[in-house]
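Quick note on labels: first sequence line is chain A, next is B, and so on, each numbered from 1.
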Protein chains: 2
Amino acid sequence: MKPGVSPDIFPPRSHEAKRVSVVDAAASVFCREGYAGANIDLIAAEAGVSRQTVYNHHGDKEKLFVAVVRDLTERCNAGIFATIASFPDQPTNLEADLIAFAVRMNRNCICNRDGRFLRKLIQAEGGRYPELFAEWREQGPGRTWSALAARFARLAFAGHLSIGDPDVAARQFLALVNAELQITFMLGGVPTEEEVLRSATNGVRTFLSAFARRKSPAAKQAALAHA
Amino acid sequence: MKPGVSPDIFPPRSHEAKRVSVVDAAASVFCREGYAGANIDLIAAEAGVSRQTVYNHHGDKEKLFVAVVRDLTERCNAGIFATIASFPDQPTNLEADLIAFAVRMNRNCICNRDGRFLRKLIQAEGGRYPELFAEWREQGPGRTWSALAARFARLAFAGHLSIGDPDVAARQFLALVNAELQITFMLGGVPTEEEVLRSATNGVRTFLSAFARRKSPAAKQAALAHA
DNA sequence: ACAAATTTAGACAGGCTTGTCCAATTCGTC
DNA sequence: GACGAATTGGACAAGCCTGTCTAAATTTGT
């Protein structure tokens, strides 16, 4: 044990550490180059591992790809549900709380490494692995929307919002909050913190304009005065 | 000239007809297989042309790819601006007119062959051809949003809507109207006419809830606060 | 109908990639 | 320190793909 070595060097890594290292590198290369363009040698090099080790761990290219997708799916879902758990059920300032939630959602689930990679793989290879991505679809967006819809329904029940169909509202919330980031996402870029905040702010304001509780003008005025 | 042949057979096609045939087939194959996975032999076969003809017309694979993207970009933009020209400037029934417009937009620009193909190519290869897609970005979304924003501003000016920032409203309109189609788009699928209509209906209703003209001072204040 | 231009099929070299095999080395653990 | 497992680097065959070249067939324009 000689801990005095340079922090940039990870001299020996465990078996398991190499497995994840390979999967991480593979995710990066598959995304950058596409499935067909991805080169096992490059993945091995990027993982700091020999090509043979890649084959030892994952068998062949296709199995490696499946492992990558499963890994990303799992981590993304975990992040999404962790973030949804922070939904403002008892908002003190509805607008500010929803904006903060939207920013968290973006930062932790959609703009982060896993989110961007998974999205790109789904877009690029979704047609080639229908069953694999059908699995993602059920576990990911399906449950995300349900969970989010339940939270919005709760806000509506508590009198903070006036919502017709919570499922529709949940999907529209996500769409609005990302409205200004679409192009950046499409080109595979990463929006700045400021862009995320602006899109979330504009999106939440419009969302609340549409779904804020409608009772009397006075109540509305009071609600707006909050902000 | 013997027009009596079977309609399924196009015995001799002109030079120019072969060029477009090749570009069309290439678009299809590039989308399905990705740039690296696309095979010139397959493109030639799908175009009903010999491999050498592909090279005669387009030089090499990369030039062919660029030709495909330019072709798709041009046709998509033409479709988009033709559709925007049908924006309901003098609506008789604002909700119905906007829903119909949204459906047209989807059907003619976003869900059709060109739209789906271009989107997929941008997503998959956007990182590899920054200048090519930067061109698309300016000519396409940039001008689309401006044009749409101008139409919404006009509706607001005519007293049909209460809008803070027309650019924001335009982007949010598109986001809302497509909110329920995102997953289908991601997986490269084609939504049914009914799905398009439902997403547009829900989106436009929410849009109008947020931006319908407000009379109360509080609402006006909120609208101004947007800017 | 004739001449020029285009298209075709096929062969071909060169390069790259996948996946396997193996001998030498290094690592984890006792 | 020693043993077994994992890792490495390199060689290797097989296959695939791009891009070129050719000679023959076909189409187009006149």
Check the pair A:I80, A:R143 against side-chain contact (heavy atoms from CB on, under 4.5 Å), reporting the backbone distance first and the verdict last. CA-CA 10 Å; A:I80 288 172; A:R143 287 171 52 199; over 6 Å; no
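Not one side-chain nitrogen or oxygen of B:H57 sits closer than 4.0 Å to the OP1 or OP2 atom of C:dT6. The side chain of B:K18 contributes no N or O atom lying less than 4.0 Å from OP1 or OP2 of C:dA5. A close approach under 4.0 Å does occur between a side-chain nitrogen or oxygen of B:H15 and OP1 or OP2 of C:dT7. Between D:dT18 and B:N39, a contact under 4.0 Å exists linking OP1 or OP2 to a side-chain N or O. For A:K63 and C:dT18, the shortest distance from a side-chain N or O to OP1 or OP2 is not below 4.0 Å. Under 4.0 angstrom from either OP1 or OP2 of D:dT8 there lies at least one side-chain N or O belonging to A:T53.
Closest to the side chain of B:S50, from the set C:dA9, D:dT18, D:dT8, is C:dA9. Comparing atom distances between the A:Y55 side chain and each of D:dG19, C:dT8, C:dG19 picks out C:dG19 as nearest. Closest to the side chain of A:I40, out of D:dG10, C:dT18, D:dT20, is C:dT18. With C:dT7, D:dT8, D:dT18 as the choices, the nucleotide that has an atom nearest any side-chain atom of B:K61 turns out to be D:dT18.
Rounding to the nearest 0.5 Å places CZ of B:F207 at 4.0 Å from CZ of B:F152. Note that OH of B:Y35 is 4.0 Å distant from OH of B:Y129, once rounded to the nearest 0.5 Å. Separating the CD1 atom in A:I183 from the CD1 atom in B:I122 is a distance of 7.5 Å, to the nearest 0.5 Å.
One atom, CD of B:E33, and another, C1' of D:dC17, lie 14 Å apart when rounded to the nearest Å. Rounded to a whole Å, the CD atom of A:E16 is 12 Å from the P atom of D:dA6. Remark: C1' of D:dG19 and CD of B:E62 are 14 Å apart, rounded to the nearest angstrom. Remark: C1' of D:dT18 and CG of B:L42 are 14 Å apart, rounded to the nearest angstrom. The separation between B:R19 atom CZ and C:dT6 atom C1' is 13 Å, rounded to whole Å. The interatomic distance linking B:H58 (NE2) with D:dG19 (P) rounds to 14 Å, in whole Å. In this structure, A:I43 atom CD1 and C:dT18 atom C1' are separated by 12 Å, rounded to whole Å. Taking atom CZ of A:F30 as the reference point, atom C1' of C:dT17 lies 13 Å away to the nearest angstrom.
No contact: B:A36 has no heavy atom under 4.0 Å from any strand. Using a 4.0 Å heavy-atom cutoff across all strands shown, A:A44 reaches no nucleic acid atom at all.
A salt bridge between A:E74 and A:R70 is absent, with no side-chain N of the basic residue lying under 4.0 Å from a carboxylate O of the acidic one. At a threshold of 4.0 Å, the pair B:E46-B:R32 counts as salt-bridged, since one of the basic side-chain nitrogens sits closer than that to a carboxylate oxygen.
Between A:D41 and A:Q52, the one whose closest nucleotide on DNA chain C sits nearer the 5' end is A:D41.
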